[in-house]
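Structure, as structure tokens:
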Amino acid sequence: MIKSAIFEPNLLSMSPKSILLLVSLCLLGLTVTAQYTEKINTNRPGISQGAFSVGNNVLQLEGGLGFGKEKHKIRDTKTNVFYFDYEIRYGLLIEQLEINLNGRYRREGITQTIGANEQKITRANFEYNTIGVKYLIYDPYKKPKKDSINLNSWRDQHKFKWKSLIPAVSAYVGMNHVASNNPFTFPTDPTISPKIVLMTQNNWWTNNSGSWVLVTNLIVDKITTDNPAYGWIVTSTHTLNDKWAIFGEYQGQKSDFYSDNILRLGGAYLFNNDLQIDANIATNFKDTPSLFHFNMGASYRFDWHTKDEIIEQPGLEGGVKENEEEGLDEDEDDIDIDEREEIENDSLKLEKTPFINEFEDSDHRDAMEQDLDKRRTAERLERERIEQEKVDKKNDKKLRKEERRRLKREAKEAKQSEKAKIKAEKEKQKMIEDIDAELDKMEQDGGTDDELQKIEEELKKLEEEEKALDPGKKKDENKKEEKALEEEEDVDAAYDKLKKEQEKTDKEEEKRRKKEEKKRLKEEKKKQKEEEKRRKQEEKRKKKEDPDNG
């Protein structure tokens, strides 16, 4: 849980003594109940203080590291800043009382330009150390007034309630301690000085958009010194969900020693009920000096809180009477065991059930519980419906994506097959053309058959004559003739081989098409089976949600 803040401007006109007197009267004259939270209630990541204490017997540690740069236009200085914030809080004796110790250690390196020379200065010390007590004066959330609830009107249940503008109010009284010769304080400031803070806090819960918290601090510091400081802080926090929250903070400070207006923005992550991690950035609106800081830190609590305490009210100083205790026990026994287990196991109720005082009228309590049950049931069903729609859309998108991939793959394969077929046809046509050209050439050479016959006759005569002279020459001629015949036979064999390869390619293509068709049919059957399974699951879920209609 993160706090936030805002101030009342008309209180600035009061004198320090009047404010101190007002706070003292409030602390002495009022006793009310306080609220302990299941989740950590920290002052980080801003620097304002929330109105609520950490709770009785709870020890909480808060701290962070900061880095930044500051530039002073008039003094012509540049400063690198490192600081460490810390705060120790403990709930003491009663729920609304808290003691705390907070402070900041700062170390900075200053570079000042004088003419053509640069001078570097390093200084470090505690900016402040304050120990004090915070007391919750008024808590409007502990015992809310009874309102009539119209269960049939959504507008009456959700309309803005003006009484929610009434804040919780706390006061803080502390004592500052600074070392002598401290570079971060006025030279004449004493070692010890008082500090007073008035805090208010508004909590606004919403069902869907998270909660809003507005905290205000009005600060009067060092009121007994020659240079008192007055300040105000406005912090607004918004929870995005159960884990994340964001905040914005405006701080104003006015004194003779230092005045400024600072804006902070940041967020926090709730790691568990006892640990929060946060970060923020800060900047101001002037150049004497201008600053930009980054801070990150954490808050952790040691929760030894055992039970919520009821502070004694007028008329109940002796505690609850025996007959009233018996009546309360009987009311608890009347609750059905199954209903009690259902309430304990309902995570929504554990997280979102607002505080209901045990002393409220039972009818009013029952009406509020019934209203909460109806709204939570409606919210749960709506969340389940939205989640199911998301799952259905995701599955449908996945199926459509797979179908597009399949069609694209098939188109690509068909295109490649068509290209291969066209290429094979071209090669076949080219081979046929080459064979035709060769045959045409051979036909053209056929017109000289007569001349060749004469020449052959003459050659035969010569061969007969040469045979007598060189018998081996005839063998060479026979070999040449056989080679020519083999070349003619090779052309026919190549054509037959090409034809067989083409038939083989066609058969393989037909086989591939049949395989792709079977694969597609198998995927379609699988898709139909998944769709049928999903439809049966949807019908089963609807019957389970509405057994009466089933």
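If you're wondering where the values come from, they're calculated on a predicted model, not measured in any experiment. Hydrogens, waters and symmetry mates are skipped; everything else that's a heavy atom, side chains included, is used.
Between Arg383 and Glu387 there is no salt bridge, since none of the side-chain N atoms of the basic residue sits less than 4.0 Å from a carboxylate O of the acidic one. Electrostatic pairing of Lys533 and Glu530 does not count as a salt bridge here, judged by no charged N lying under 4.0 Å from a carboxylate O. Using a 4.0 Å cut-off between charged nitrogen and carboxylate oxygen, Arg104 and Glu127 count as a salt-bridge pair. With respect to the salt-bridge test (charged N to carboxylate O, under 4.0 angstrom), the residues Glu531 and Lys527 do not qualify.
Residues passing the salt bridge (charged side-chain N to carboxylate O under 4.0 Å, His left out) test with Asp260: none are found, sequence neighbours excluded. Applying the ring pair (Phe, Tyr, Trp, His ring centres under 6.0 Å) criterion to Phe294, with sequence neighbours excluded, gives no partner residue. A search for side-chain contact (heavy atoms from CB on, under 4.5 Å) contacts involving Ile131 returns Leu101, not counting sequence neighbours. Every salt bridge (charged side-chain N to carboxylate O under 4.0 Å, His left out) that Arg520 has, sequence neighbours left out, goes to Glu517, Glu524. For the salt bridge (charged side-chain N to carboxylate O under 4.0 Å, His left out) test, no residue two or more places apart in sequence or in another chain qualifies with Asp221. Not counting sequence neighbours, the partners of Arg535 by the salt bridge (charged side-chain N to carboxylate O under 4.0 Å, His left out) test are Glu532, Glu539. In this structure Tyr83 satisfies the ring pair (Phe, Tyr, Trp, His ring centres under 6.0 Å) test together with His293, sequence neighbours excluded. Residues passing the ring pair (Phe, Tyr, Trp, His ring centres under 6.0 Å) test with Phe67 are Phe82, sequence neighbours excluded. Remark: Phe184 pairs with no residue by the ring pair (Phe, Tyr, Trp, His ring centres under 6.0 Å) rule, at least two apart or across chains. Residues passing the side-chain contact (heavy atoms from CB on, under 4.5 Å) test with Asp274, sequence neighbours excluded: Asn272, Tyr300, Arg301, Asp303. Take Asp287 and apply the side chain to side chain donor-acceptor pair (under 3.5 Å) test, not counting sequence neighbours, and it matches no residue.
For residues 261-271, every residue pair satisfying the salt bridge (Lys or Arg N to Asp or Glu O under 4.0 Å) rule, not counting sequence neighbours, is listed here: Glu249-Arg264.
The two residues Ser299 and Asp278 have their closest heavy-atom pair at OG-OD2, 4.5 Å. Across all their heavy atoms, Tyr172 and Gln49 have their closest contact at CD1-OE1, 3.9 Å. Nearest heavy atoms, Ala51 versus Ala168: CB-O, 3.9 Å. Taking all atoms of both residues into account, the shortest heavy-atom contact from Glu38 to Asn273 is O-CB, 3.7 Å. The shortest heavy-atom contact between Gln60 and Thr42 is NE2-CA, 3.5 Å. Across all their heavy atoms, Asp85 and Asn295 have their closest contact at OD2-ND2, 3.4 Å.
In this structure, Arg400 CZ and Lys393 NZ are separated by 10.5 Å, a value rounded to the nearest 0.5 Å. Here the CG atom belonging to Leu218 is positioned 13.0 Å from the OG atom belonging to Ser48, to the nearest 0.5 angstrom.
Side-chain atoms of Glu98 come within 3.5 Å of backbone N or O of Val54 as a donor-acceptor pair. Remark: side-chain polar atoms of Lys286 are paired, donor with acceptor, to backbone N or O of Ser259 under 3.5 angstrom.
The number of heavy atoms from other shown groups lying within 6.0 Å of NZ (Lys69) does not exceed 12. The 12-atom threshold is not exceeded at CZ of Arg107, counting heavy atoms of other residues, nucleotides or ligands nearer than 6.0 Å. The neighbour count for Lys540 NZ, taken as heavy atoms of other residues, nucleotides or ligands under 6.0 Å away, does not exceed 12.
The closest side-chain donor-acceptor pair between Asn176 and Thr130 falls under 3.5 angstrom.
In this structure the side chain of Tyr269 never reaches within 4.5 angstrom of the side chain of Gln276, judged on heavy atoms.
Figure legend: cation-pi geometry between Lys134 and Tyr90 absent, as NZ or CZ is not positioned both under 6.0 Å from the six-membered ring centre and within 45° of its axis.
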